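Following: one structure in structure tokens, then a few remarks.
This is a predicted model, so every value here is computed, not measured.
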Amino acid sequence: MGGGAALFDMDADGDLDLYLVQSGSVLDGSKKNPPNRLYRNRGDGTFEDATAGSGTDVGGYGMGVASGDYDNDGDPDLFVTNAGPNVLLRNDGQGRFTDATAGAGVAGKGWSTSAAFVDYDTDGDLDLFVLRYINWAVASELQCFSMMGSPDYCSPRNYDAPLSSVLYRNNSNGTFTDVSQAAGLHAAFGNGLGIVVSDVNRDARPDVFVANDATPNQLWINQGQGRFEDRALVMGTAVDEDGTAKSGMGVDAKDVDGDGDEDLLVVNLDGESDSFFRNDGAFFSDETAAAGLRAVSRPFTRFGTAWVDFDNDGWLDLYQANGRVGQQAERYGDDPYAEPSLLFRGSSTGRFEEVRPRGGTAPLLTASSRAAAFGDIDNDGGVDIVVVNRDHVPYVLRNVAPARGHWLAFRVLEPNGRDSLGAEVTLSVGDRTITRTVRTAYSYLASNDPRVHVGLGAETKAVNVRVRWPNGTVEGFGDFPADQIGTLRRK
């Protein structure tokens, strides 16, 4: 099911570095699993291995990674999730990291998957929301079989052992407190895989959407006073339009229809379509078929995903990194679990059309893909993708879309230099108003470029750029000419 990936600027040199999470064997304790790897961006979109001496070569059975500046020193730190104790890596800003897990109190228990840094109480420091999958141990492992009688993938339904998520409150002194029960998270259990933070009801309090595998999704609405309430069922995001709890994996949130609130996407197992939940204000509606995503997505098992304007025409496109977990008759090469990924072009109609060749690459790439991390690795205004593949080298997919439009990207910062996760950037492009949220946690087991990217199409500037900060205050920054990376810092 792993592993994860993070695109983040570890050394404040303006380009994205790369962290890759590995796993190995969870059954044979005599073997040491391979350590995670850190790669420094040379400044031109190519990477060099910087693991040695960095302190990031932690072991364990790795799953995902989240990035965020939890100590407010201006440098993004890393939180690595495992099937076993998790690891918090504190960044010194020079490419060296210290294991701060024990002192911070965030090792946790069980099988953790995706995680997100979020200032849920808007007190100025980043808290930590961690998903867990199933209550599992080697001694309780099951044996499952395919229809042909060979050993095969076990669904989480076979285990029937979902877990609750964990919320750690930042104590502003380098330590965290587990406040999960007080926050209300023990009210709902699930097989958590995908996480995205979004203020879905526009009340200036960050909410958390959790994509669950074979159990209903959760939409944790922030009630204030440190409390959350799962309102996924009444708001229409727990199950699909047929009332089915799908095998939720990758997830994203963007304002796809330009109405000022964020819509949700969940990608699922083969035989299940995507779930595109359109935000209608007080509730969501399942618009998967209307968006053109129902039939084309069903044959594939989709993991990492994101809505990104890859061709900078002003409309969000969609990428899905695919790879099976169960055996099927149709094969793409020697790996029975390999599949091509999917790329869709968005438009003003609200529908998505598949791009061929599949995945947008020639020749066609097939692999058992898992995490996908999104960011502009060469700072040329086109968003690139790093895809993690099971038992195979990762893909670094450089954006070479022809005739890309104009663009803008913004680094949105707090006064101390921390990325202002949860801040919203709104700007006018021609006769349209575009809103984008600063976030790193979306897709699957991934942490992504914190910079806000907006395609401008033929327009050569953005007008009336403003930021709604996480506490609800709004600050204006004026107009910006196209084709640059700007900085928006809170006064």
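- A salt bridge links Asp11 to Arg40: at least one charged side-chain nitrogen sits closer than 4.0 Å to a carboxylate oxygen.
- Between Leu131 and Leu193 the shortest side-chain heavy-atom distance does not fall below 4.5 Å.
- Nearest heavy-atom pair across Arg358 and Leu364 is O-CD1, 3.3 Å.
- Under the 3.5 Å distance criterion, the side-chain polar atoms of Ser443 are left unmatched by any main-chain donor or acceptor of Gly250.
- By the 30° and 60° cut-offs, the orientation of the rings of Trp307 relative to Phe352 is parallel.
- Using a 4.0 Å cut-off between charged nitrogen and carboxylate oxygen, Arg90 and Asp71 count as a salt-bridge pair.
- Separation of the Tyr39 and Tyr19 ring centroids does not fall under the 6.0 Å cut-off.
- When only modelled atom types and interatomic distance are considered, Asp280 and Ser285 share a side-chain donor-acceptor pair under 3.5 Å.
- Side-chain polar atoms of Glu272 and Ser247 form a donor-acceptor pair below 3.5 angstrom.
- Taking 4.5 Å as the limit, every side-chain heavy atom of Pro450 sits out of range of all side-chain heavy atoms of Phe8.
- Heavy atoms of other residues, nucleotides or ligands lying less than 6.0 angstrom from CG of Asp334 number 12 at most.
- Asp127 places a side-chain N or O within 3.5 Å of a backbone atom of Tyr120 that can act as its donor or acceptor partner.
- Under the 6.0 Å distance and 45° angle rule, Arg345 does not count as a cation-pi partner of Trp315.
- A salt bridge links Arg205 and Asp203; the closest N-O separation between the charged side-chain nitrogens and carboxylate oxygens is under 4.0 Å.
- Partner of Thr426 under the side-chain contact (heavy atoms from CB on, under 4.5 Å) criterion, chosen from Asp255, Thr435, Val474: Thr435.
- Asp274 and Gln320 form a side-chain donor-acceptor contact under 3.5 Å, judged by distance and modelled atom types alone.
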Please evaluate residues Asn36 and Thr56 with respect to the criterion side-chain hydrogen bond (donor to acceptor under 3.5 Å, both in side chains), reporting the C-alpha separation (whole Å), side-chain torsions for both, the decisive distance (0.1 Å), and the verdict.
CA-CA 7 Å; Asn36 300 335; Thr56 60; over 6 Å; no

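- Screening Leu343, Asp252, Leu342, Thr305 for a side-chain contact (heavy atoms from CB on, under 4.5 Å) involving Tyr319 leaves a single residue, Leu343.
- Counting heavy atoms from C-beta outward, Ser67 and Asp77 have side chains that stay 4.5 Å or more apart.
- In this structure, the side chains of Leu269 and Val325 come closer than 4.5 Å at one or more pairs of heavy atoms.
- Counted by atom type alone, Arg302 and Asn322 present zero donor-acceptor pairs between their side chains at under 3.5 Å.
- In this structure, the side chains of Val210 and Trp220 come closer than 4.5 Å at one or more pairs of heavy atoms.
- Arg451 and Asn379 share a donor-acceptor pair across their side chains, judged by distance under 3.5 Å alone.
- A salt bridge links Lys246 with Asp240: the closest approach of a Lys/Arg side-chain nitrogen to an acidic carboxylate oxygen falls below 4.0 angstrom.
- With hydrogens and angles disregarded, no donor-acceptor distance shorter than 3.5 Å links the side chain of Ser114 to the backbone of Tyr444.
- Without hydrogens or angle criteria, Thr473 side chain to Trp469 main chain gives no donor-acceptor distance under 3.5 Å.
- Judged by distance alone, with hydrogens and angles left aside, the side-chain atoms of Asn170 form no donor-acceptor pair with the main-chain N or O of Gly174 at under 3.5 Å.
- In plain terms, the two heavy atoms of Ala338 and Tyr332 that are nearest each other are O-CD1, 3.5 Å.
- Looking at Asn279, its side chain does come within 3.5 Å of a backbone N or O of Val200 through a donor-acceptor pair.
- Without hydrogens or angle criteria, Asn41 side chain to Leu16 main chain gives a donor-acceptor distance under 3.5 Å.
- When side chains are defined from C-beta on, Asp199 does not count as touching Pro206, because their heavy atoms never get closer than 4.5 Å.
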Distance-only donor-acceptor pairs under 3.5 Å for side chains of residues 453-466, two or more places apart:
from, atom 1, to, atom 2, distance (Å)
His453, NE2, Asn312, OD1, 3.1
His453, NE2, Gly381, O, 3.1
Arg466, NH1, Asn464, O, 2.8

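- Between Ala5 and Val388, the shortest heavy-atom distance links the atoms CB-CG2, 3.7 Å.
- Taking the centre and axis of the six-membered ring of Tyr337, the NZ or CZ atom of Arg324 falls outside the cone set by 45° and 6.0 Å.
- In this model, a donor atom of one side chain and an acceptor atom of the other lie less than 3.5 Å apart for Ser198 and Glu262.
- Here the closest non-hydrogen pair linking Ser341 and Ala321 is OG-CA, 3.4 Å.
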Asn389 vs Ser369, test: side-chain hydrogen bond (donor to acceptor under 3.5 Å, both in side chains). Steps then yes/no.
CA-CA 4 Å; Asn389 299 308; Ser369 298; 2.6 Å; yes

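- Proximity of a side-chain donor or acceptor of Asn91 to a complementary backbone N or O of Asp75 within less than 3.5 Å is not detected.
- Between the side chain of Asn72 and the main chain of Gly124, a donor-acceptor pair closer than 3.5 Å is present.
- In summary, the side chains of Thr437 and Lys254 do not present any donor paired with an acceptor at a separation below 3.5 Å, with no hydrogens or angles considered.
- Between Arg294 and Glu287, no side-chain nitrogen of the basic residue sits less than 4.0 Å from a carboxylate oxygen of the acidic one, so the salt-bridge criterion is not met.
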Determine, step by step, whether Phe480 and Phe410 satisfy the ring-ring contact (aromatic ring centres under 6.0 Å, His included) criterion, reporting the C-alpha distance in whole Å, the side-chain angles of both residues, the deciding distance to 0.1 Å, and the verdict.
CA-CA 10 Å; Phe480 281 79; Phe410 294 106; 5.0 Å; yes

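- Take Ala116 and apply the side-chain contact (heavy atoms from CB on, under 4.5 Å) test, not counting sequence neighbours, and it matches Ile195, Val197, Ala441.
- A search for ring-ring contact (aromatic ring centres under 6.0 Å, His included) contacts involving Tyr70 returns Phe176, not counting sequence neighbours.
- Looking at Asp335 and Ser368, their side chains come closer than 4.5 Å, going by heavy atoms from C-beta outward.
- Checked for salt-bridge contact, Arg411 and Asp419 meet the test: a charged N lies under 4.0 Å from a carboxylate O.
- No hydrogens or angles considered: a donor-acceptor pair under 3.5 Å links the side chains of Ser172 and Asp125.
- Looking at Thr81 and Ser112, their side chains never bring a donor and an acceptor atom within 3.5 Å of each other.
- Arg398 is not listed as a side-chain neighbour of Ile385, based on a closest heavy-atom distance of 4.5 Å or more.
- In summary, the side chains of Asn471 and Thr122 do not present any donor paired with an acceptor at a separation below 3.5 Å, with no hydrogens or angles considered.
- A donor-acceptor pair under 3.5 Å is formed between the side chain of Asn268 and the backbone N or O of Ser273.
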